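Presented below is the structure to which this report refers.
Here the structure is a predicted model, which means the values were calculated and not measured. Just so you know, residue 1 is the first one in the sequence shown, and it goes up from there.
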Amino acid sequence: GIPTLPVSITPDIEITATVGVSVTLECHTSLPESLNGNIASINWTHNGAEVTEGVTNMLAKGESSLDLGAVVSADAGTYTCNVQIQSEFVDVDSHLIATNTTNLTIQMPVPSVPIIAPQPIIRQYFSGVEIRFACIFFIDNAISD
């Protein structure tokens, strides 16, 4: 029979990333010599739809990467690496397809604890006069891994 094919996506099957952090998914395929085959193509899908942007394939090495860049909530979901393999053990008109899937969860950054430093306002106010107060917040947008 046809030997099993080790196909893996790294770094993990379940990935949690924070909004704004760069994420790259990788797919590594190694073919047993006994298969006497080669990799015809590698493609990626996100929630079942083909992804072409950000894909880099090195078919001779059996490697592919999907660079998502700085992720947003819409990037969450299921990513599948599909590897088509040609071999003398498979009919000419068909390919052996190996797949592996990873699930990406996107979370919002944890907000810093706000520091509220009210400035004292010493003024005299009269009844019936409209008064407006302004509040200013400073948020540290640094995102750490």
Side-chain angles (χ1 to χ4, degrees), residues 1-123 125 130-145:
I2 296 176
T4 57
L5 304 172
V7 178
S8 64
I9 293 180
T10 55
D12 293 304
I13 298 301
E14 297 285 336
I15 299 173
T16 300
T18 303
V19 167
V21 172
S22 291
V23 173
T24 300
L25 303 178
E26 296 179 355
C27 180
H28 301 278
T29 309
S30 57
L31 301 179
E33 285 187 26
S34 60
L35 186 62
N36 193 23
N38 67 315
I39 296 172
S41 69
I42 302 175
N43 65 42
W44 290 86
T45 60
H46 174 222
N47 296 332
E50 187 172 1
V51 177
T52 55
E53 189 173 331
V55 175
T56 303
N57 286 332
M58 292 173 281
L59 296 180
K61 291 183 174 184
E63 297 177 1
S64 180
S65 64
L66 174 55
D67 182 6
L68 301 176
V71 294
V72 296
S73 57
D75 292 320
T78 302
Y79 289 85
T80 303
C81 171
N82 301 289
V83 181
Q84 288 195 332
I85 298 150
Q86 293 175 324
S87 168
E88 63 186 44
F89 296 107
V90 181
D91 291 340
V92 175
D93 294 333
S94 61
H95 297 291
L96 180 62
I97 299 175
T99 64
N100 205 343
T101 300
T102 191
N103 292 310
L104 178 62
T105 303
I106 306 295
Q107 64 186 13
M108 295 302 292
V110 177
S112 301
V113 177
I115 299 171
I116 301 174
Q119 298 295 321
I121 301 173
I122 303 171
R123 291 203 177 127
Y125 298 103
E130 183 178 328
I131 301 171
R132 294 179 186 228
F133 294 94
C135 240
I136 301 173
F137 291 94
F138 296 96
I139 299 173
D140 182 2
N141 286 326
I143 297 173
S144 59
D145 291 334

Candidate list N103, V71, L104, test side chain to side chain contact (heavy atoms under 4.5 Å, CB included), partner I15, passing option:
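Of the listed residues N103, V71, L104, the side chain to side chain contact (heavy atoms under 4.5 Å, CB included) partner of I15 is L104.
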Return the [atom1] to [atom2] distance between [X] and [Y], rounded to the nearest 0.5 Å.
X	Y	atom1	atom2	result
T101	L25	OG1	CG	11.0 Å
Q84	I39	CD	CD1	11.0 Å
M58	S65	CE	OG	6.0 Å

Could you go through the side chain to side chain contact (heavy atoms under 4.5 Å, CB included) check for I106 and V23 one step at a time?
CA-CA 11 Å; I106 306 295; V23 173; 5.8 Å; no
Can you find a heavy atom in the side chain of I42 that is under 4.5 Å from one in the side chain of L59?
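Side chain of I42 against side chain of L59, heavy atoms only: contact under 4.5 Å found.
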Distance-minimising heavy-atom pair for [X] and [Y]:
X	Y	result
A70	S22	N-OG, 3.9 Å
D75	H46	O-NE2, 3.4 Å
V19	P109	CB-CD, 4.1 Å
C81	V83	SG-CG2, 3.9 Å

Can you see whether Q107 engages T18 through a side-chain donor-acceptor pair at a distance of less than 3.5 angstrom?
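Q107 vs T18: donor-acceptor pair found between side chains.
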Can you run down the side-chain hydrogen bond (donor to acceptor under 3.5 Å, both in side chains) pairs that involve residues 47-58, sequence neighbours left out, and say none if there aren't any?
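Only N57-S64 qualify under side-chain hydrogen bond (donor to acceptor under 3.5 Å, both in side chains).
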Going through the distances and angles, do L68 and Y79 end up as a side chain to side chain contact (heavy atoms under 4.5 Å, CB included)?
CA-CA 11 Å; L68 301 176; Y79 289 85; 3.7 Å; yes
